[in-house]
Amino acid sequence: MTIRTSFKAILSASILVLGTTSCVTVKEYQKSRINDAEMELSARKSEKFEQNFYLYREGAAGANGGKSGGGCGCN
Amino acid sequence: MKKICISVGLLLSLMKFGYAQSSEKPAYEKRKLKVEEINLVSSYYQQDGNNSAVTGGIGSEKLTDLAQSFDLVLKTTDRRNRQHTLAFDFNIDHYTSASSDKIDPLTVSSASRSDTHVYPSISWTVHNDENRTTKGISLAYSTEYDYKSYGINLNWAKASADNNREVSLKAGAFFDTWTVILPAELRPDGYGSGAHGDTDPVDHKPRNSYNFSLSLSQVINKRLQVLFTIEPAVQQGLLSTPFHRIYSKDGSETVERLPGSRLKLPIGLRLHYFAGDRVILRTFYRYYIDDWGMQAHTINLEAPIKLTSFVSVSPFYRFSHQTAVRYFAPYGQHALTERYFTSDYDISGFNSQFLGTGLRMAPPGGLFGISHWQSIELRYGHYIRSTGMVANNITLLAKLK
């Protein structure tokens with residue numbers, strides 16, 4: 001499977017997931033659950049160092065080169 | 001664990017002192033820079049295994065890493081009512097590595113037998129409520145014994161009128177320099193060890209990384225939101241690790257050699273769902289492919305359960321599968337007629353699992369009588385890799401507001 005075909009497959013699957021789930025307009029006063037600290041769409045702050053060790057220990061762990069872009073990731 | 005508690009305790013004492021001083025300032029400075037948030041993160045990591053790349057794919061991978069992070073967020077509003085955020089992030093970790101001792105067993109030149117890695121960063125973000133855009137820039141620096149890095153990141157985001165959708169773009173560049181420390185027995189005549197006090201010359205090589213990111217987040221309904229991300233990246237320069245040994249089928253020895261560029265393409269989908277009144281499901285899937293022949297799938301599930309309004313536990317499980325890069329072979333399996341070769345098990349094919357739990361407390365009046373101390377989180381995870389490597393990680397986070 002080439003990068004191009006894989007990319008198309010993932011993109012299609014993502015569009016399908018987003019498309020089949022109908023969105024409704026959620027007003028600000030209805031966002032008590034969406035705004036919960038545990039619902040944040042970013043990774044948790046407490047996962048920061050876990051992500052660093054994945055970057056070092058798994059070649060597929062991400063697009064970044066290492067901690068803040070640096071770090072040899074050796075040993 | 002004791003070290004983590006002591007360091008967090010000391011930093012918290014300093015913070016309390018800082019707050020006590022700032023409260024005495026006059027109240028008329030409406031637009032002064034205010035402390036929005038402080039995060040103190042301490043982490044201890046240890047691993048063991050028997051596939052060190054320094055010794056060609058065999059030998060101890062024993063490593064420990066004690067990491068500390070101090071993250072300060074300041075906010076202010078300008079005359080046009082735009083919100084400015086300044087964030088300072090200071091990170092330091094001290095690690096010991098059994099395998100790095102093997103780079104030069106006689107003089108222990110050790111690129112990182114025991115080393116300290118320091119990486120501060122600073123970022124400035126401007127949010128405009130009128131047109132719902134956010135723009136930002138950040139600068140990063142990283143240094144350790146044999147590696148230096150300078151980085152810059154730019155980001156832009158725009159939210160929809162109802163704040164239910166946001167598109168964001170990021171671009172980053174990192175300009176790194178390697179000190180080319182070679183295994184003792186493979187150094188040419190007159191080539192240095194890289195150790196302090198050794199005046200013989202040592203090469204320095206660049207490694208540059210360019211990262212891009214496009215994200216789209218969408219609130220689906222009152223309980224469900226999703227995020228789609230695509231993060232292409234290109235790396236160029238010395239991508240092999242100079243002190244990784246390679247042993248061939250005929251017993252001869254050389255150092256790792258890998259191509260001078262690598263194109264990576266991770267695509268991720270994050271889906272968070274608030275089920276009932278107490279349980280949140282945080283799910284993440286990522287597909288990865290690169291031009292070295294590696295493909296990977298990663299799934300992460302986490303389910304924070306609110307025991308009370310102020311206490312939650314978060315069991316989590318992560319599974320990852322990756323295929324080997326086409327240049328990988330174990331100890332003694334390479335033919336040196338090949339163009340590129342590595343015995344680094346971090347880019348071999350394997351499955352990995354990471355499981356554990358987190359505990360979070362955020363009482364409304366603050367923790368332990370400190371009103372600014374908003375929350376504390378303790379997180380433990382156990383990592384198992386199908387190559388035999390095991391690791392443990394414990395993290396303590398204290399948030400002040």
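Numbered from 1 within each chain, the chains take letters A, B, ... in sequence-line order.
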Could you tell me whether A/Lys48 and B/Asp71 have a side-chain N and a carboxylate O separated by less than 4.0 Å? no

Would A/Glu38 and B/Ser312 satisfy side chain to side chain donor-acceptor pair (under 3.5 Å), going step by step from the backbone distance to the final call? CA-CA 10 Å; A/Glu38 311 266 19; B/Ser312 62; 2.8 Å; yes

Under 3.5 Å, is there a donor-acceptor pair between the side chain of B/Arg282 and the main chain of A/Leu41? no

Under a 4.5 Å heavy-atom cutoff, which of A/Glu28, A/Arg33, A/Glu50 has the most pairs with chain B? A/Arg33

Between B/Asn393 and chain A, with a heavy-atom cut-off of 4.5 Å, which part of the residue counts as in contact: side chain, backbone, both or neither? side chain

Any chance you could lay out the side chain to side chain contact (heavy atoms under 4.5 Å, CB included) test for B/Tyr383 and A/Glu58, step after step, and finish with the verdict? CA-CA 12 Å; B/Tyr383 182 78; A/Glu58 296 179 0; 2.7 Å; yes

Non-neighbouring partners of B/Glu256 that pass side chain to side chain donor-acceptor pair (under 3.5 Å), sequence neighbours left out: B/His244, B/Thr342

Is the side chain of B/Arg379 donor-acceptor paired with the backbone N or O of A/Glu47 at a distance under 3.5 Å, no angle test? no

So, the part of A/Ser42 with a heavy atom under 4.5 Å from chain B: the answer is backbone

Criterion side chain to side chain contact (heavy atoms under 4.5 Å, CB included) on B/Lys222 and A/Lys31, from CA distance to verdict: CA-CA 6 Å; B/Lys222 285 186 270 186; A/Lys31 288 185 179 171; over 6 Å; no

Measure B/Arg165 against the heavy atoms of chain A and call it side chain, backbone, both or neither at under 4.5 Å. neither

With only heavy atoms counted, which part of B/Ser314 is less than 4.5 Å from chain A, the side chain, the backbone, both or neither? side chain

Take A/Lys45 and B/Glu377, measure what salt bridge (Lys or Arg N to Asp or Glu O under 4.0 Å) needs, and give me the verdict at the end. CA-CA 10 Å; A/Lys45 291 258 185 195; B/Glu377 261 182 89; over 6 Å; no

Exam field: side chain B/Arg286 to backbone A/Ala60, donor-acceptor pair closer than 3.5 Å: yes

Should the pair B/Asp162-A/Lys27 be classified as a salt bridge under the 4.0 Å nitrogen-to-oxygen rule? no

Side chain, backbone, both or neither: which part of B/Phe284 has a heavy atom under 4.5 Å from chain A? neither

When the aromatic ring centroids of B/Tyr95 and A/Tyr56 are compared, is their separation below 6.0 Å? no

